[in-house]
Amino acid sequence: MPRGTSLADVYDRWHKSHPKPDETQCSEHKSRTRRMVPTSDHGIGKRWQVRYRDLEGHQRKENFHTRAEADKRAAEVDVEIRSGSYVVPAETKQTLGAYAQKWLDANSVGPTTALRYEATVRNHIVAHLGRRELRSLNRPSVVQGWIRTLQDGGFEVSTIEGIFDIFSSILGMAVEDGLLPKNPCKSKSVKLPTATKKKIVPWSLERVRAVINGLPERFQAGGKLAFGCGLRQGEIFGFAVEDIDFRGGWIHVNRQVRLVGTKPVFALPKGNRIRSVPLSAQLAAALKAHIRRFPPTAVTLPWAKPDGEPKTFRLLFVDEKGRAYNRSVFNMGAWKRALVAADVIPPRKRGARYLQAAPEDGMHALRHAYASVLLDAGESIKALSEYLGHSDPGFTLRTYTHLLPSSESRTRKTIDDAFREAEAEAEA
DNA sequence: CTTATTTACCATACCTCAAG
DNA sequence: CTTGAGGTATGGTAAATAAG
């Protein structure tokens with residue numbers, strides 16, 4: 001703006017060349033006033049300003065060096081506000097790294113999940129995209145390229161999905177905050193690698209028996225309980241003598257032992273869902289024998305979080321020092337050795353540091369074996385779902401549907417049984 | 001020193017909930 | 001019933017530490 005030009009002159013020129021916007025034309029949004037004024041008259045800094053009200057009615061100002069730029073921006077703002085793609089310009093300049101931290105801080109999830117979110121953001125999101133400005137992420141190609149680098153990293157599809165979900169959630173919040181016009185993760189052109197759905201292959205009964213036999217004596221009944229009632233590992237570790245109803249033939253799954261970071265705590269089972277499971281006579285006998293041999297040990301741990309209220313339960317299965325089992329120690333030690341004893345994995349080679357086992361040969365395999373045996377015997381999905389503690393029978397069905405005996409084999413078996421019965425009657 | 005155990009942290013499968 | 005988004009427990013390795 002040339003020196004000596006008065007503010008009034010500028011206003012005048014502006015209004016002459018830019019007729020007042022028609023009120024009715026833009027009544028669907030709140031951007032009504034937009035005008036340009038010089039911000040200073042000494043030739044320094046930005047001299048043209050666009051003013052408007054944003055979607056929430058807050059007044060916004062943006063400064064420009066030239067009138068042409070300001071004009072262009074003013075037009076853009078109107079279009080953006082009308083179409084809903086408007087974002088606050090200044091705040092989109094923050095980096096993804098900074099915004100991801102806000103997302104982490106705003107979350108209220110459990111400690112396990114918080115740890116995972118924090119690690120995922122740090123290792124997979126901020127590491128690759130952390131220095132980018134938020135608004136620069138509004139391009140599907142950028143997101144797709146990032147997915148590609150994850151793929152090249154050799155991660156499982158399920159892992160990439162997990163990382164992507166968190167990323168999408170962060171950008172989703174940015175959209176809600178008005179910092180991004182839309183979430184590029186939702187774009188049609190952003191594609192995740194497709195997963196081949198893995199089917200659970202249950203252990204054979206021989207393997208179940210062999211591995212249980214290979215466990216240390218103090219935990220053999222624990223293995224039997226895991227297989228015989230389908231409990232999760234943490235639920236076995238938290239199983240107490242008061243959870244058994246010998247008379248009625250039930251066990252109650254009321255808690256688990258969980259690690260919060262490295263601190264063990266008692267907590268409700270996964271999904272905060274307690275349940276009861278029928279107890280077979282043989283398993284009951286095994287538990288009684290175990291209790292005689294290894295009397296229940298009172299263990300006190302905080303409830304739910306390390307600084308939670310201390311609770312004491314008389315646990316059936318504790319380590320040699322009378323502590324609740326630490327799953328990391330257990331899986332590395334007793335469990336792996338049982339796998340070796342059962343010939344599931346080879347013994348450790350000289351010089352090798354660890355016993356190697358496949359992920360599907362963890363203790364969870366006993367739970368899967370339980371499900372498999374029940375389905376094979378014709379137990380209903382509904383009942384199985386209850387015993388496993390699934391809240392959704394649909395999930396149980398999806399997980400185990402391939403283990404349901406086929407209709408043909410059920411038919412053959414039924415007829416075979418009928419024949420046997422008929423022959424038995426004829427003989428009598 | 002070598003080997004065993006524990007700790008710290010990461011990857012993955014498992015699981016819930018509710019909307020479509 | 002199916003599916004997508006959100007969340008959690010289990011499986012695993014390497015570094016740190018303790019034990020032999």
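The structure displayed is predicted, hence computed values, not measured ones. Proteins come first, then strands; the chains are lettered A, B, ... in the order of their sequence lines, and each starts at number 1.
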Categorize A/Ser168 for me: base, sugar-phosphate, or nothing, with a 4.0 angstrom heavy-atom threshold over every strand shown.
nothing
Are the ring centres of A/Phe266 and A/Phe313 closer than 6.0 Å?
yes
Considering only heavy side-chain atoms of A/Arg337, the closest of C/dA9, C/dG6, B/dT5 is B/dT5
Between CD1 of A/Ile166 and P of C/dG7 the distance, given in whole Å, is 10 Å
**Asked** Distance check: side-chain N/O of A/Lys321 vs OP1/OP2 of B/dT5, anything under 4.0 Å?
**Response** no
From NZ of A/Lys186 across to C1' of C/dT3 the rounded distance in Å is 13 Å
note: A/Asn183, atom CG; C/dG4, atom C1'; distance rounded to Å ~ 14 Å
Taking B/dC14, C/dG6, B/dA13 as options, the one with an atom nearest any side-chain atom of A/Ser169 is C/dG6
Among C/dG11, C/dG12, B/dT12, the one nearest any side-chain atom of A/Glu156 is B/dT12
Among C/dT13, B/dC10, C/dG6, the one nearest any side-chain atom of A/Asp165 is C/dG6
**OP:** Taking only the side-chain nitrogens and oxygens of A/Ser391, find out if one of them lies under 4.0 Å from OP1 or OP2 of B/dT16.
**Re:** yes
Would you please confirm or rule out a distance under 4.0 Å between OP1 or OP2 of B/dC15 and any side-chain N or O of A/Arg367?
yes
### Message
With a 4.0 Å cutoff (strictly under), does any side-chain N or O of A/His390 reach OP1 or OP2 of B/dC14?
### Response
no
Whole-Å distance, A/Glu360 CD to B/dT12 C1', equals 12 Å
**Request:** For A/Arg232, report the nucleic acid contact type (base, sugar-phosphate, nothing); a contact means any heavy atom under 4.0 Å.
**Result:** sugar-phosphate
Heavy-atom nearest nucleotide on DNA chain C taken for A/Ala365 and for A/Tyr117; more 5' hit belongs to A/Tyr117
Phosphate contact (B/dA4 OP1 or OP2) by A/Lys336 side-chain N/O below 4.0 Å: no
- prompt: Hey, is A/Glu386 close enough to A/Arg273 for a salt bridge, meaning N to O under 4.0 Å?
  reply: no
note: A/Leu397, atom CG; C/dT2, atom P; distance rounded to Å ~ 7 Å
Discussion item. Within the 4.0 Å heavy-atom criterion, would you say A/Gly162 contacts the bases, only the backbone, or no part of the nucleic acid?
Written reply: nothing
Discussion item. Can you tell me how the ring of A/Phe294 sits relative to the ring of A/His290, calling it parallel under 30°, perpendicular over 60° and tilted otherwise?
Written reply: tilted
Sugar-phosphate only, base, or nothing, as touched by A/Gly234 at under 4.0 Å among non-hydrogen atoms = sugar-phosphate
Here the distance between atom P of C/dG7 and atom CH2 of A/Trp103, to the nearest Å, is 7 Å
| query | Is the distance between the ring centroids of A/Tyr325 and A/Phe219 less than 6.0 Å? | reply | yes
Result for 5'-nearest mapping on DNA chain C, choosing between A/Gly394 and A/Arg258, is A/Gly394
Testing C/dG11, B/dC14, C/dA9 for proximity to the side chain of A/Phe395, the answer is B/dC14
| request: Kindly say if A/Arg116 contacts the phosphate of B/dT12, meaning a side-chain N or O under 4.0 Å from OP1 or OP2. | output: no
From the candidates B/dC17, C/dT13, C/dA9, the one with an atom nearest any side-chain atom of A/Asp392 is B/dC17
* Asked: Is any side-chain nitrogen or oxygen of A/His364 closer than 4.0 Å to OP1 or OP2 of B/dT12?
  -> no
Review point. Touch check for A/Gln256, heavy atoms < 4.0 angstrom, all strands: base, sugar-phosphate only, or nothing?
Key: sugar-phosphate
Pair A/Glu217 + A/Arg293: basic N to acidic O under 4.0 Å:
yes
Taken to the nearest whole Å, CE/A/Met363 to P/C/dG12 is 13 Å
query: Which part of the nucleic acid, if any, lies within reach of A/Asn123 when heavy atoms closer than 4.0 Å are counted: base, sugar-phosphate only, or nothing?
result: sugar-phosphate
*Tell whether A/Arg327 reaches the base of C/dG11 with its side chain through a donor-acceptor pair below 3.5 angstrom.*
yes
Sorted by position of nearest nucleotide on DNA chain B, 5' first, the leading residue of A/Val329 and A/Arg122 is A/Val329
By nearest-heavy-atom nucleotide on DNA chain B, the more 5' of A/Thr159 and A/Ser328 is A/Ser328
A/Tyr387 and A/Trp250 aromatic ring geometry - parallel, tilted or perpendicular at 30°/60° bounds: perpendicular
* Modelled atom types, side-chain donor and acceptor of A/Ser385 and A/His390, under 3.5 Å -> no
Separation of C/dA9 atom C1' from A/Asn331 atom CG, nearest Å, is 11 Å
